[in-house]
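By convention in this document, chain letters (A, B, ...) are assigned in the order of the sequence lines, proteins followed by strands, and residues within each chain are numbered from 1.
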Amino acid sequence: MAEQNTSENPQHGAQTGATGTGSGYEPQKIEVKWQKRWADARVFESEADPSKPKYYVLEMLPYPSGTLHMGHMRNYTIGDVVARVKRMRGFNVMHPMGWDAFGLPAENAAIKNNTHPREWTNKNIAEIKRGLRRFGFSYDWRREISTCEPEYYRWNQWFFLRMLERGLAYRKKSRVNWCPKCCTVLANEQVVNGGYCWRHEDTRVESREIKQWFLKTTAYADQLLDDLKELEGTWPERVIVMQSNWIGKSQGAKVKFAMADVTGAEAIEVFTTRIDTIYGASALILAAGYPLVAKLLEGFAGKAEAEASLAKMRQTSVKTEDLATMEKEGFFTGRYAMNPFSGEKIPIWVGNFVLMEYGTGAIMAVPAHDERDFEFCTKYGLPKPVVVVPQTQDSTSKNEGGAPAAPKTAEADGVFTEFGVSVNSGPYSGMESATAIAKMAAFAEQKGFGRAETIFRLKDWGISRQRYWGTPIPVVYCEKDGMVAVPDKDLPVLLPPNPKLTGMGESPLASTPEFVNTTCPKCGGPAKREADTMDTFVDSSWYFYRYADAHNDKAPYDSAKVAYWFPIDQYIGGITHAILHLLYSRFWCKVMRDLGLITHNEPAARLFTQGMVQKGGVTMSKSKGNLVGAEDMAQKYGADTGRLYTLFAAPPEKDLEWSEESIEGSWRFLNRVYRLVERHAKALREVKSGGVDAAEATAKERTLLRKVHQTLRRVTIDFETRWHFNSAIALIMELTNEIYAQEPLEEGARPEVRKEVLELLTLMLAPMTPHLSEELWEMLGHTDGLWMASWPAFDQDLARDDEVEIPVQVNGRLRGRVKVAAGAGEEEVVKLALADTGIAALVSGKRMVKRIFVPDRLLNFVVA
RNA sequence: GCCCGGGUGGCGGAAUGGCAGACGCUGAGGACUUAAAAUCCUCCGGGGUUUUACCUCAUGGGGGUUCGAAUCCCCCCCCGGGCACCA
């Protein structure tokens, strides 16, 4: 049904019309026409020019995985409206576009189709670019970048070398997913059904340790956290919260527990945020991967059983999100450690809920004051001594230790995790938690078995990928000189053009002899190149700097140009990138600042995260198979209808449910506007713009002028501050309805008024439906393109209402309305309200308790 | 589990302490037309009444603050998203 309507109706005008009177709205024709004019006039090109106010608006660059879909289209439409409004406001606007062109999907597609990743990528880029042009987005295409080109990725390598020099890039062993049948490393997304290879669904993925490159994001952990304050109010709060959780700063202490019964064995160090609960520790619990575990088990009677559990634990990969819900499991090692505060002997266990990657890989279990410890200790029958109690107002019930009386043991629901007052804690009993923490950390430090320490959840960024389609890491390994950096003059290290891509065996570059075999830059002897490539998040961490100087072959960019354009005034993209991309970008910015390339701390002054486009309640994606092609849509309705609809259907930060039916409304509206202007264009073409005197206007004209300036005032606010494009469009629709409602105007109506009304209507639509607006602007007699026009100012006097309708309530219930002049005083409104028989009846004979009057808004009688 | 966002007519949504449902979609009826499309007009949350009008209920559920609550506070229910190596 919808299919028939949509495929036939919009075509109607295009099929019948020729240009001239009564031809109707033909988006296909006018969109091409104006796109060509914009390109010829180079309207969207801009240069750094410190004498002009700048505005840098940026949408996240797309991964070219297929064709342009509605999700892209919505993102870019929002950015384009902002760019066009800012241009109309007189800003020197930079609005660039590029391609996040490296990545695994290209490599997979290449293997599948027996082609080259570059071919697949460039074909997709060409398609998406054609789509973007089809929608008339106002990009400066001279600044286009593609991250898979050597002219771009050589600077990834250059930055990598700078980080290497400063110790910010280093190599260490790290775990990866390994498929024993493919003999290759798998990405997490290639691990399916909870731990199986995507190509061998009967084969369990193993965990392997290999040497990989890391960037030291942790060196900036504090700055990354602290500088979030600069972004408060201009970045979405949830992004700030997510990043801050991600960085996960945790202040606590490290404490060493000596072994109680193994002489000469090293101590076990734990990290705790609650050293004040140490008297309540009933066990030490180690991660399964803790190095000491095997040694501890030596000679233990339960060794065989313990090793079986250990093997099982090590095999099960633990996801962070499962930690809280999974069943706690563990086993006793047969060994004991010494509590350094109490001198008590406590058992050493291994537990599946302790992560090797966080803290020291060992914890002290304090079951009375930690939920997880409680669960674990309950399951295995370990004691649960209480050492902190809630602080009470009542200080009389304190025992001789100076602390409130307390239960000796925490039982079911007895876990108390908050701060309070220490009990049963030796000399610290009676102290408030914060005091106890400080004193105990100081004592531990003084005695040499611990110290206060801050740790972060944030880890260093592992950038090694055992893939072909990425930036080669510019180092070589020489038998004599070891690891040697490729000198700057030898950059870029180019990807070999014809790799063998099988998806099997070791990393593709390693099996490409012409790539991997090289000479050592130091000694000239034989050497092997690093065969891993960089994570594609490296590409996107600084691409927006490159736009400022896209073709520089001497440096990543000219700092002077970047100094003009940065920071980005408005960054727009999906919430999906709230953490990784945005955190890595912030990290890269700080590194560049410390390299002396830039002076700002944060790359983007404002961030906007738009909602996803959904169909059938789920986000549109290739994998879900519910993508709606943007070009198909433009083919049916034209770009402007598509742009308008995505703006109208939902506010930009919310998810948008795609509806084939609703878009008809946007199509109809644009036709309505077109017919309106077309009807009057001939008569208005020669009429001079401006110079309207409202005092001489007829009644209908005054109504129209008032409406158009009121609309302009509210639309301006929606564009500039609220970004409620959907309500802005609703207002413009109302205005259009009003103009139709006043047709025809009276005898003696002057064409200047009509022209002003239609011009303002056209200008308000221009950022959203630029092609149609240009066409209407031309029809109204303008020979200069609308792109030269400024955003109009509204007339204060006309935008003000001179008569308002005030609701009258009795006891908060609406009982009537009175019409008064704007700004009418309370006495006058009350008089008029009481003249209303209905209201008078409700009020008379009652005692007037009070009266609420809000000028121009409301009158409320409270009676008893 | 934790963190974040959300719940308003048949649907998308508007209203962020002051007239709930703007604007649009769908649907119904009508005009024009040989007919269809397009276009234009009217109606469209539930219930009631003395039906040009008015009353009443209604913004996931329950409680609270207030002259007044979709909006603020407390408790509960439901839905969506995120919780890092290959985008």
Let me have RNA chain B in dot-bracket notation, would you? Count Watson-Crick plus G-U wobble pairs, both distances under 3.5 Å, and use [ ] for pairs crossing earlier ones and | for inter-strand partners.
-> (((((((..(((.....[....))).(((((.......))))).(((((...)))))..(((((..]....))))))))))))....
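- Within 4.0 Å of A:T536, counting heavy atoms only, lie sugar-phosphate atoms of the nucleic acid but no base atom.
- When each of A:F587, A:W461, A:W588 is paired with A:Y220, the ring-ring contact (aromatic ring centres under 6.0 Å, His included) condition holds for A:F587 and for no other.
- Ring orientation note: the planes of A:F102 and A:W469 are nearly perpendicular, at an angle over 60° on the 30°/60° scale.
- Look at A:R171 and A:E530 and you find a salt bridge, because one of the NZ, NE, NH1 or NH2 atoms lies within 4.0 Å of a carboxylate O, short of that distance.
- Ring pair A:Y645/A:W658 is perpendicular by interplanar angle, where above 60° counts as perpendicular and below 30° as parallel.
- By the rule that a glycosidic angle within 90° of 0 means syn, B:U51 counts as syn.
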What nitrogen or oxygen pairs link the protein and nucleotides 52-60 of chain B at under 3.5 Å?
from	atom 1	to	atom 2	distance (Å)
B:U56	OP1	A:R815	NH2	3.4
B:U56	OP2	A:R815	NH1	3.4
B:C57	OP2	A:R813	NH1	3.4
B:C57	OP2	A:R813	NH2	2.8

Check the pair A:E678 / A:Y25 against side chain to side chain donor-acceptor pair (under 3.5 Å), numbers first and verdict last.
-> CA-CA 9 Å; A:E678 188 184 41; A:Y25 173 41; over 6 Å; no
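- Against the 90° criterion about 0, the sugar-base torsion of B:G9 places it in the syn range.
- For the pair A:E805 and A:D535, both in contact range of RNA chain B, the more 5′-proximal nearest nucleotide belongs to A:E805.
- Set against B:U26, B:C23, B:A84, the side chain of A:M733 has B:C23 as its closest nucleotide.
- Between the CG atom of A:D718 and the C1' atom of B:A22 there is a distance of 13 Å, rounded to whole Å.
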Please tabulate, one pair per line, each protein N/O and nucleotide N/O from nucleotides 65-70 of chain B that are separated by under 3.5 Å, including the distance.
from	atom 1	to	atom 2	distance (Å)
B:C67	OP1	A:K850	NZ	3.3
B:C67	O2	A:N860	ND2	2.3

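- Using a 4.0 Å heavy-atom cutoff across all strands shown, A:R722 reaches sugar-phosphate atoms only and no base atom.
- Between B:A22, B:A84, B:G12, one nucleotide has an atom nearer to the side chain of A:A649 than all others, and that is B:G12.
- Summarising the geometry, the separation between CE on A:M534 and C1' on B:C86 is reported as 15 Å, rounded to the nearest angstrom.
- The number of heavy atoms from other shown groups lying within 6.0 Å of NZ (A:K379) is above 12.
- OP1 or OP2 of B:G17 has not a single side-chain nitrogen or oxygen of A:R857 nearer than 4.0 Å.
- No donor-acceptor contact under 3.5 angstrom links the side chains of A:W99 and A:N124, judged on distance only.
- Nucleotides B:U26 and B:C40 are separated by 13 Å at their P atoms, to the nearest Å.
- Contact annotation for A:W461: no contact, since no heavy-atom pair falls under 4.0 Å across all strands.
- Note that A:R672 lies in the cation-pi zone of A:Y740, set by a 6.0 Å cut-off to the ring centre and a 45° limit from the axis.
- Comparing atom distances between the A:V241 side chain and each of B:U39, B:C3, B:G13 picks out B:C3 as nearest.
- A:N737 has a side-chain polar atom (N or O) that falls below the 4.0 Å cut-off from OP1 or OP2 of B:G24.
- In this structure, A:K216 places its NZ atom where only 12 or fewer heavy-atom neighbours from other residues, nucleotides or ligands lie under 6.0 Å away.
- A:D539 comes within contact range of no nucleotide atom at all, as no heavy-atom separation falls under 4.0 Å.
- Around the CD atom of A:E237, the shell of radius 6.0 Å holds no more than 12 heavy atoms that belong to other residues, nucleotides or ligands.
- Looking at A:K636 and A:E660, a side-chain N of the basic residue comes within less than 4.0 Å of a carboxylate O on the acidic one, giving a salt bridge.
- Closest to the side chain of A:F648, from the set B:C86, B:C83, B:G24, is B:G24.
- Minimum atom distance to the side chain of A:N726 is reached by B:G13, of the listed B:G13, B:A22, B:A15.
- Counting non-hydrogen atoms under 4.0 angstrom, A:M242 reaches the backbone sugars and phosphates but no base.
- Both A:Y740 and A:E237 lie near RNA chain B, and the one whose nearest nucleotide falls closer to the 5' end is A:E237.
- Considering only side-chain N and O atoms, A:R668 lies under 4.0 angstrom from the phosphate OP1 or OP2 of B:U26.
- For the pair A:L355 CG and B:A84 P, the computed distance is 11 Å after rounding to whole Å.
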